[in-house]
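Before any comments, here is the structure.
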Amino acid sequence: MPDDLEAVTTIGEEADPGEVGADGVRRIWRDAVDLYRSGVHPAVQVCIRRNGAVILDRAIGHARGNGPHDPADGEKVPATPRTPFLIYSGSKAITAMVVHKLHERGTLDIADPVCRYIPGYERHGKGEITIAHVLAHRAGVPNLLREAIDLGDREFLVHAITDAKPFAKPGRFLAYHAVSGGYILGEVVHQATGMDIKAVLEQEFLTPLGFRWNSYGVARSDLPQVALNYVTGPPTTPPLSQLLSRALGLPLDQLVAATNDPRFLTAIIPSANVVTTASELSRFFEIFRQGGELDGVRVMRRKTILRALTEQSHLEVDLSLGFPGRFSYGLMLGARVLSLYGRDTQHAFGHLGFTNMLGWADPQRGISCAVLTNGKPILYPELPRFYGLMQRITTESPKLPESAMRVWDPKAGRPRARTQPQAR
């Protein structure tokens with residue numbers, strides 16, 4: 001931990017904070033610095049958009065060279081607001097929106113069985129599993145064999161997902177599909193379009209809106225820019241370590257090492273390897289807070305977003321993760337009390353990334369935000385500081401008038417979707 005925190009702090013371009021106020025921004029950043037001071041995150045990067053304007057865009061710490069086992073005299077590379085981070089499961093939200101965009105185009109229908117797109121997927125009784133089930137983590141196939149977590153062998157992966165055996169009838173249980181769901185959806189996209197999901201993401205969203213990052217993996221020439229990830233915090237012990245290994249496919253140390261590997265960072269892993277900055281991730285969620293149009297470019301219809309946000313699990317205990325969650329078709333939804341995004345955030349939507357990373361939008365407050373870190377602790381005494389930062393952002397962001405909400409029906413408290421394909 002550097003003695004001079006200002007020396008490792010970088011501030012990007014920030015607009016007038018408006019109703020949040022300079023004091024509100026100061027309090028938010030103070031809580032972000034407190035998260036950094038917990039000592040488990042070599043770097044913390046935060047971006048907040050309020051009514052489309054970037055009111056906070058900052059980073060503190062080091063992207064590389066200041067991890068637990070790095071040499072004391074080695075080069076320390078500062079993190080800045082332009083440093084790209086691997087967002088792990090935050091990738092699932094981006095994958096989901098690609099699938100919903102193809103539904104909008106009529107290229108696929110999320111109510112269709114997966115086997116309509118992946119020949120042989122009906123094996124072992126999986127014929128009734130729909131794309132919607134996979135999006136909602138209700139398909140009953142949350143795990144893959146470790147050997148199936150391959151980096152580039154599409155034929156091998158297709159065999160692995162078609163040969164998987166469900167543990168329950170589709171739709172019956174919520175069980176987080178940490179890796180398997182992304183591979184299934186990625187192959188559905190490939191079969192439906194003839195293009196890999198990275199090409200579709202770039203064609204439908206990134207190129208029209210001028211994104212630099214926010215895609216699956218990076219070019220080899222960009223590898224030195226990506227923040228390294230570090231195992232930090234107290235060691236995990238059974239049964240938690242066993243739960244994590246089963247849910248994630250690898251023990252923690254091996255997982256983090258694998259995700260720093262250039263082969264991982266240059267592959268296409270729809271559930272886990274989007275690389276982006278807090279600014280670009282918050283901008284991606286801003287698309288949907290704005291109803292599908294950003295900077296005068298429409299990339300999605302409002303009704304498609306409403307369908308994507310239709311609740312499929314209401315604080316139901318997740319059999320993979322062991323705690324309650326509220327899911328739509330691919331997004332983690334907020335709630336009045338038990339919410340990733342702070343209390344009274346029942347209109348918020350986004351996704352958590354392994355371990356302390358979060359991107360989301362809250363239409364009721366007119367905000368789109370991202371908090372990215374490169375430390376990978378599981379349980380540590382200062383963990384409440386991470387969730388406290390989200391609560392601080394929520395607290396400092398006044399609610400907008402109902403007429404200003406672009407996506408949700410405030411009176412009904414749910415998306416105004418007329419057509420809701422059923423995942424269960």
Side-chain angles (χ1 to χ4, degrees), residues 86-89 91-92 94-96 98-99 102 107-108 112-131 133-135 137 139-168 170 175-202 215-220 223 229 244-275 320 330 354:
L86 176 68
I87 64 169
Y88 291 86
S89 284
S91 310
K92 293 178 175 64
I94 293 168
T95 294
V98 172
V99 173
L102 294 179
T107 306
L108 55 77
D112 284 343
V114 172
C115 61
R116 180 171 295 180
Y117 302 89
I118 305 179
Y121 191 78
E122 67 278 5
R123 194 179 305 156
H124 303 306
K126 300 194 299 296
E128 295 182 4
I129 295 175
T130 66
I131 299 170
H133 286 131
V134 179
L135 286 166
H137 299 276
V141 285
N143 305 115
L144 288 176
L145 295 173
R146 291 182 183 180
E147 294 79 7
I149 304 175
D150 189 82
L151 301 177
D153 190 339
R154 181 183 169 206
E155 183 179 347
F156 183 73
L157 284 169
V158 170
H159 174 76
I161 61 179
T162 56
D163 201 45
K165 297 179 181 179
F167 80 92
Y176 188 65
H177 291 44
V179 178
S180 60
Y183 281 136
I184 295 166
L185 296 173
E187 183 60 23
V188 166
V189 169
H190 205 147
Q191 292 280 358
T193 66
M195 299 186 294
D196 62 54
I197 193 170
K198 180 182 178 79
V200 178
L201 168 63
E202 292 176 352
S215 191
Y216 305 104
V218 296
R220 286 198 167 272
L223 285 171
N229 294 293
L244 286 169
S245 181
R246 184 173 68 249
L248 301 174
L250 288 171
L252 177 62
D253 290 7
Q254 293 180 35
L255 175 69
V256 174
T259 57
N260 283 328
D261 190 311
R263 292 172 296 175
F264 185 95
L265 291 171
T266 55
I268 300 174
I269 304 173
S271 59
N273 87 326
V274 166
V275 176
S320 294
F354 177 77

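For this chain, numbers begin at 1 and follow the sequence in order. Note: hydrogens, waters and symmetry copies are ignored here, and every other heavy atom, side chains too, is used.
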Less than 4.5 Å apart, any side-chain heavy atom of [X] and any of [Y]?
X	Y	value
Val141	Tyr121	yes
Lys126	Cys115	no
Phe354	Thr259	no
Asp163	His124	yes
Pro119	Gln191	yes
Ser91	Ile269	no
Val99	Ile131	yes

Indicate yes or no for a side-chain donor-acceptor contact from Thr95 to the backbone of Pro270 under 3.5 Å, with no hydrogens or angles considered.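 Confirmed, Thr95 side chain pairs with Pro270 backbone.
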
Under the side chain to side chain donor-acceptor pair (under 3.5 Å) rule, what pairs show up with a residue in residues 264-274, not counting sequence neighbours?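 Found none.
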
For the NE2 atom on His159, are there more than 12 heavy atoms of other groups (residues, nucleotides or ligands in this structure) within a distance under 6.0 Å?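 Count not over threshold, so no.
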
If you draw a 6.0 Å radius around CD in Glu202, do more than 12 non-hydrogen atoms from other residues or ligands fall strictly inside?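 For Glu202, atom CD is crowded (more than 12 foreign heavy atoms under 6.0 Å).
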
Within the 3.5 Å criterion, strictly below it, is a donor on Tyr216 or Asp196 matched to an acceptor on the partner's side chain?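 No, Asp196 and Tyr216 have no side-chain donor paired with an acceptor closer than 3.5 Å.
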
